[in-house]
Protein chains: 2
Amino acid sequence: MKRLTLEEIGELAGVSRSTVSRVINGHPNISAPVRQRVEDVIRQTGYQPNSAARSLASSQSRVFGLVMPSILQSAFADPYYPLVIQAISHACNRNDYTPALFLFQTVEEEEKVSQRIVASGLIDGIIVTADTIESTFVNKIQQYDIPFVQIGRPPRSSLADVSYVDVDNEAGAYLATSHLMQLGYRRIGQLATAHNTAGADRDAGYRQALSDRGLPFDKSLIEVSDFSEAGGYGAMQALLDREPDAVFAQSDAIALGAIRAIRDRGLTVPDDIAVVGFDDMPLASSADPPLTTVRQPINRTGVLAVETLIDIVKTSPKPARHIVLPVELVIRASSGAVS
Amino acid sequence: MKRLTLEEIGELAGVSRSTVSRVINGHPNISAPVRQRVEDVIRQTGYQPNSAARSLASSQSRVFGLVMPSILQSAFADPYYPLVIQAISHACNRNDYTPALFLFQTVEEEEKVSQRIVASGLIDGIIVTADTIESTFVNKIQQYDIPFVQIGRPPRSSLADVSYVDVDNEAGAYLATSHLMQLGYRRIGQLATAHNTAGADRDAGYRQALSDRGLPFDKSLIEVSDFSEAGGYGAMQALLDREPDAVFAQSDAIALGAIRAIRDRGLTVPDDIAVVGFDDMPLASSADPPLTTVRQPINRTGVLAVETLIDIVKTSPKPARHIVLPVELVIRASSGAVS
DNA sequence: AAGAGAATTGAGAGCGCTCTCAACTTTTGC
DNA sequence: GCAAAAGTTGAGAGCGCTCTCAATTCTCTT
């Protein structure tokens, strides 16, 4: 079927191009019969406005870039990202935006592609996630005047200028650690992560909980991992030598790796060592034992990122928006609170 | 910084808009000094052509749609998809294409969005994956003349008309099942999947292997699951009553669930029941016990899908391209072949 | 019933690029 | 050394839409 133009739709409906354009864009002040006639023609012909022409004339594309700078193989395999992406995709669909995906594995790739997308007008706004503390990506795009929101807060230095959607990582870690302390555990280790603000905040919550209850902070009880199951396994192996009686893992994947390491050492969860995770991934509830963990609203995070970005595109508000979503502790068997 | 136009670049370089356009698009017959001058100006100004204007004039957008129709929550969490997406993203970046993501959770969503993207010219081509046997998505877009490739073969009925990239699922399952038979197992169950051709082909390979070695086919040894760990757990529980001595799982996630179910029943892998998976996900090698599985080249699948689509866009070749990639058996402890 | 104001519609000028065609310049063949 | 061919550049006409501005029609008021 041949692709129609506004002009041709107008002809079929007996009105001008301008009027058809008004109907499509929902302008007021169109008489009911005309609107009806035009809508009928559009429906019958299956007409879809040409998006290139639209964005050329209106200088907006209704495309958002979803950018994950310097993503690691393992990081992307963490179910967190698929779930965020799914939420973002859905929210975009609902709002007639198209999400374009930009994953960067090397600095050169990031350099080349981000340059192109930021300056070509392909994109109306950017959602950045998985940015590291050290990363320059957010700093880089701040120089252009393209709207963007970050998922996960940026480092303190750019906090004020950047709009973001985050979950309350500190409160979550505080909850998890306090929970373990209430159960009587005293040597509470942490499987931490580096290079991201979520990790830093979870670490802060862990320390705050210890100090609020007067438990001494023991640096040797912290092991650094990446966000993978394998990373958790390795870190826990190292931590086992320090004989913790409980451990707070900064993600469910890490917690699962930790449980495997504990088992391989011939110990039992939670009897010998209690484990708490973070995320409440689907697999947390079916783990063995079911994982006590901090549930974060991943879906809401993605949706709010899209909605915030739409708002920024429309109204370019100052100051930047900061959204922090609450988390909750989900108690299951791995912490020893329930059998 | 103000956004420049072709005209302005031309002015700065002392040539016309047309010449600058030629330089950018790599046309021949530009004198060396002129090309040099223009390239210098472009580099200094950081000029990027406006993509809307470009696609309006050339009627191609250099955007590909990555479509996953009727995706299920659980399906997308399978690490397979993140890995394919990553490969596709990377291949697009390298070829100056932009991947736009379309995940559909409901039929209405699919209807509305696909209508828009197919007819609006936003997209030069489509990569479809995760389509089901019953799905109408591929059939639907066949009616438009938009180039597309499918990842995973389509149902037989549209086989001839559809270009696709697939792995040799049947050979993989054959390998896996034969391996178990060679080890002496005789009651070899299968944790199968429905609604997708990969599942059907793996089932065919499983049956072929049994029949080639004269083992009777026992329908009661097949349980149907989805592609999740939880699905594998449930299906294996049911299968355990039929007392298999080995099981071929159609994915690693399913295999992991199966192992958990076997353990929960107080049995051991591989001593009581051997398990073989499919995919060779990162977690397969670190599983307990390490998983014998069929390795499929996910990265190559994604890259070839992009490259094939680019080729189709450029040359619209007939007949359709069919690419089937080889798989290999990776032997680890879970099948009892190695300790 | 006439004039003011509001509502409705159309005409026209771009948005920034590509691409054809024509003009001009250089090279080549004999 | 001159015509023909090839190489190089510029002008101009769109691509299909949005948006302003002006023209026309309708609706009130008094």
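Model, not experiment: these values are computed from the prediction. The chains referred to below are lettered A, B, ... by the order of the sequence lines, with proteins before strands, and numbering in each begins at 1.
Panel note: side chain Thr315(B), backbone Ile312(B); no donor-acceptor pair is recorded below 3.5 Å. Here the side chain of His322(B) pairs a donor or acceptor atom with the backbone of Leu159(B) at under 3.5 angstrom. Formation of a donor-acceptor pair under 3.5 Å by the Ser163(A) side chain with backbone atoms of Val149(A) is not found in this model. Judged by distance alone, with hydrogens and angles left aside, the side-chain atoms of Ser21(B) form no donor-acceptor pair with the main-chain N or O of Arg17(B) at under 3.5 Å. At distances below 3.5 Å, at least one donor-acceptor pair connects side-chain atoms of Lys112(B) with backbone N or O atoms of Asn93(A). In terms of modelled atom types and a separation under 3.5 Å, the side chain of Asn95(B) and the main chain of Ala91(B) share a donor-acceptor contact.
Per the geometry, CG belonging to Asn50(B) stands 8 Å off C1' belonging to dC15(C), to the nearest Å. The distance from atom CD1 of Ile30(A) to atom P of dT25(D) is 17 Å, rounded to the nearest whole Å. Spacing between atom CD1 of Ile24(A) and atom P of dC17(D) amounts to 7 Å, rounded to whole angstrom units. The CD-P distance, from Glu7(B) to dC15(C), rounds to 11 Å in whole Å. If you measure from atom CD1 of Ile9(B) to atom P of dT18(C), you get 13 Å, rounded to the nearest angstrom. Atom NE2 of His27(A) and atom P of dT9(C) are 14 Å apart (whole Å). Taking atom CZ of Arg3(A) as the reference point, atom P of dG16(D) lies 10 Å away to the nearest angstrom. Atom CZ of Arg62(B) and atom P of dT18(C) are 12 Å apart (whole Å).
Scanning residues 11-22 of chain A for heavy-atom distances under 4.0 Å to DNA chain C yields Val15(A), Ser16(A), Arg17(A), Ser18(A), Thr19(A), Arg22(A).
A donor and an acceptor atom, one from each side chain of Asp40(B) and Gln44(B), are nowhere located under 3.5 Å apart. Counting only N and O atoms by type, the side chains of Gln86(A) and Tyr81(A) include no donor and acceptor under 3.5 Å apart.
Not one side-chain nitrogen or oxygen of Tyr47(A) sits closer than 4.0 Å to the OP1 or OP2 atom of dG16(D). Checking the phosphate oxygens (OP1, OP2) of dC15(C), no side-chain nitrogen or oxygen of Thr5(B) falls inside 4.0 Å. OP1 or OP2 of dT18(C) has at least one side-chain nitrogen or oxygen of Asn25(B) nearer than 4.0 Å.
Cation-pi geometry between Arg153(A) and Tyr164(A) is not satisfied (NZ or CZ under 6.0 Å from the ring centre, within 45° of the ring normal).
Nearest to the side chain of Ala53(A), among dG16(C), dG16(D), dT9(C), sits dG16(D). Here the side chain of Asn29(A) is nearest to one of dG16(C), dC17(D), dA7(C), namely dA7(C). The nucleotide whose nearest atom lies closest to any side-chain atom of Leu56(B) is, among dT8(C), dT18(C), dG16(D), dG16(D).
Salt-bridge annotation for Arg94(B) and Glu109(A): absent, with no side-chain N of the basic residue lying under 4.0 Å from a carboxylate O of the acidic one.
Residue-to-nucleotide proximity on DNA chain D shows that, of Ser58(B) and Val34(B), the 5′-proximal contact is made by Val34(B).
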Output a table of nitrogen or oxygen pairs between the protein and nucleotides 24-28 of chain C separated by less than 3.5 Å.
none

